[in-house]
Amino acid sequence: MRSLLLVFISLYVVVGSEGIYSLHGLLNTETSSRSNLILFTLSVPGLQVEGPSGPLQVQLGDSVLLPCSVRTPVPLEELEVEWRRSDSETLVLLFQDGEERGEEPEFRNRAHFFTEEISRGNFSLFLTDVTPADAGTYRCSVHTEKESGDTTALISVVRLVVSGGARAVSAGLGEDVILSCSVDSSEQIEEVVWKTDQDIIVLQYKDGEVLPDSSHERYRGRAEFFPAEIHKGNFSLRLKEVRTEDKGDFMCEVHTSLLSASTTVLLEDLGLSLLHVLILLLCIIAALLALSLSSFMCLKMRG
Ligand SMILES: *[C@@H]1O[C@H](CO)[C@@H](O)[C@H](O)[C@H]1NC(C)=O
Ligand SMILES: *[C@@H]1O[C@H](CO)[C@@H](O)[C@H](O)[C@H]1NC(C)=O
């Protein structure tokens, strides 16, 4: 009998203090709508709101879905959902009086609910064109007439941009050529591999080391990085003594623990090198000279 009483008392303390906490949080954050003040003071934490299972990694410029949902749908007329940044308390998006509203300029046209999902208890936020400034924690607060609850989502913005130089490069047979590949990454670069379009490994870099033995025999000893450039993210490849069979696409494939990206360079026009052209020119000139000399001689002999 006594323990039952104790349970009742502690239950009262828990609910009571949380109710006060909710009111306190409300006074801190809620400035935009007065009409919902009454709604909030009456709602008590206890609503089970589901969020993401871990941090959300987004590539710069991509879109991200921030999950927020309740199991049992809530009638729209008694529903209020608020997405805010937890750090700055900036209002990202609000669902109130049956409609989506209230976006700060920095989120205008970039943050949306899935309108048709709201009635199913799904208040996930879709944020597009993610910028570095979007990194941070977001809170989804759900209020009904009687209950409230929230969940948070952490966005971290990651970046992996792999760029080449010219789309195509040309070289003479026997010459050396540089195939460009520059990496801009927010994460540690785990692997860079240059491959041909037939998936043959030209040269590989892995966990901070160049692995010359990984090269296919066709490229062994003929392909190298510029060691002094690697720490700048410059994984350009020098291919030596270009051969006819080298013609084709070369792909620079970059992997971090989270992302992969690549760039492709076409090695084309494996023409004659300058030296070859010079020699050829000399031959033609010599041939022309010989021809004119011999015709001159013929004329002389006839005459
Ligand atoms: C909410 O809606 C989005 C968009 O349709 C969907 O991707 C997501 O899985 C939904 N979440 C839940 C919990 O149903
Ligand atoms: C990468 O290094 C090579 C060799 O030094 C150089 O020619 C090239 O311009 C560099 N690329 C970039 C983007 O800095």
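- Salt bridge absent: Arg220 and Glu217 never bring a charged side-chain N and a carboxylate O closer than 4.0 Å.
- Side-chain contact between Ser257 and Gln188 is absent, with no heavy-atom pair separated by less than 4.5 Å.
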Go through the steps to decide whether Gln48 and Arg71 satisfy the test side chain to side chain donor-acceptor pair (under 3.5 Å), and finish with yes or no. CA-CA 8 Å; Gln48 206 61 40; Arg71 285 258 168 80; over 6 Å; no

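- By the 4.5 Å heavy-atom criterion applied to side chains, Cys68 and Tyr138 are not counted as neighbours.
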Can you check side chain to side chain contact (heavy atoms under 4.5 Å, CB included) on Leu79 and Val142, steps first, answer last? CA-CA 7 Å; Leu79 175 72; Val142 182; 3.9 Å; yes

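- Between Asp150 and Val49 the shortest side-chain heavy-atom distance does not fall below 4.5 Å.
- Comment: Glu241 does not engage Arg222 in a salt bridge, judged by the lack of any side-chain N to carboxylate O separation of less than 4.0 angstrom.
- When every heavy atom of Ala223 is checked against every heavy atom of Leu239, the shortest pair comes out as CB-CD1, 4.4 Å.
- Under a hydrophobic clustering in which Ile, Leu, Val, Met, Phe, Trp and Tyr are joined whenever their side-chain heavy atoms come within less than 4.5 Å, directly or via other members, Met251 and Val210 fall into different clusters.
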Please test Leu94 against Trp83 for side chain to side chain contact (heavy atoms under 4.5 Å, CB included), starting from the C-alpha separation and ending with a verdict. CA-CA 6 Å; Leu94 185 67; Trp83 271 101; over 6 Å; no

List the steps and the verdict of side chain to side chain contact (heavy atoms under 4.5 Å, CB included) for Cys252 and Thr263. CA-CA 5 Å; Cys252 173; Thr263 185; 3.9 Å; yes

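- Trp194 and Ile230 fall within a single hydrophobic cluster, where Ile, Leu, Val, Met, Phe, Trp and Tyr are joined by side-chain heavy atoms under 4.5 Å apart, directly or via other members.
- In this structure the side chain of Glu175 never reaches within 4.5 angstrom of the side chain of Val242, judged on heavy atoms.
- One finds the CG atom of Asp184 at 4.0 Å from the CZ atom of Arg159 (value rounded to the nearest 0.5 Å).
- Residue Lys232 holds its NZ atom at 10.0 Å from OG of Ser182, rounded to the nearest 0.5 Å.
- Closest of all the heavy-atom pairs between Ala153 and Pro52 is CB-CG, 3.6 Å.
- Going from atom CG of Leu280 over to atom CD1 of Ile285 covers 10.0 Å, rounded to the nearest 0.5 Å.
- Crowding of Glu245 atom CD: a count of heavy atoms from other residues, nucleotides or ligands under 6.0 Å exceeding 12.
- Using a 4.0 Å cut-off between charged side-chain N and carboxylate O, Glu224 and Lys240 make a salt bridge.
- Ring centers of Phe95 and Phe123: at least 6.0 Å apart, outside the cut-off.
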Report all side-chain donor-acceptor pairs from residues 55-66 shorter than 3.5 Å, counting only partners two or more places apart or in another chain.
from	atom 1	to	atom 2	distance (Å)
Gln57	OE1	Ser156	OG	2.7
Gln59	OE1	Leu160	N	3.3

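- Taking all atoms of both residues into account, the shortest heavy-atom contact from Phe107 to Asp134 is CE2-OD1, 3.8 Å.
- In this structure, CG in Asp197 is found 8.5 Å from CG in Leu266, a value given to the nearest 0.5 Å.
- Contact check for Arg84 versus Leu91: side-chain heavy atoms found under the 4.5 Å cut-off.
- With rounding to the nearest 0.5 angstrom, the OG1 atom of Thr196 is 6.5 Å from the CZ atom of Arg218.
- Looking only at side-chain heavy atoms (C-beta outward), Glu89 and Arg139 come within less than 4.5 Å of each other.
- Looking only at distances, no side-chain donor or acceptor of Arg238 sits under 3.5 Å from a matching main-chain atom of Asp176.
- Ion pairing of Arg167 with Glu268 is absent here, as no side-chain N (NZ or NE/NH1/NH2) approaches a carboxylate O to less than 4.0 Å.
- For the atom pair CD of Glu104 and OG of Ser88, the computed distance is 8.5 Å after rounding to the nearest 0.5 Å.
- The same ILVMFWY cluster, assembled from side-chain heavy atoms under 4.5 Å apart, contains both Ile189 and Leu259.
- For the pair Cys140/Thr151, a side-chain contact is recorded, criterion being any heavy-atom separation below 4.5 Å from C-beta on.
- By the criterion of side-chain heavy atoms lying less than 4.5 angstrom apart, applied directly or through intervening Ile, Leu, Val, Met, Phe, Trp or Tyr residues, Phe235 is not grouped with Val193; the two fall into different hydrophobic clusters.
- Pairing each heavy atom of Glu187 with each of Val158, the nearest pair is OE2-CG1, 3.2 Å.
- At a threshold of 4.5 Å between non-hydrogen side-chain atoms, the residues Leu203 and Ser215 count as touching.
- Linking Ile, Leu, Val, Met, Phe, Trp and Tyr residues whenever their side-chain heavy atoms come within less than 4.5 Å places Val202 and Ile200 in a single cluster.
- Residues Ser170 and Val177 share a closest heavy-atom pair of O-CG2, 4.4 Å.
- Scanning both residues, Ile201 and Tyr219, for their nearest heavy atoms gives O-CD1, 4.2 Å.
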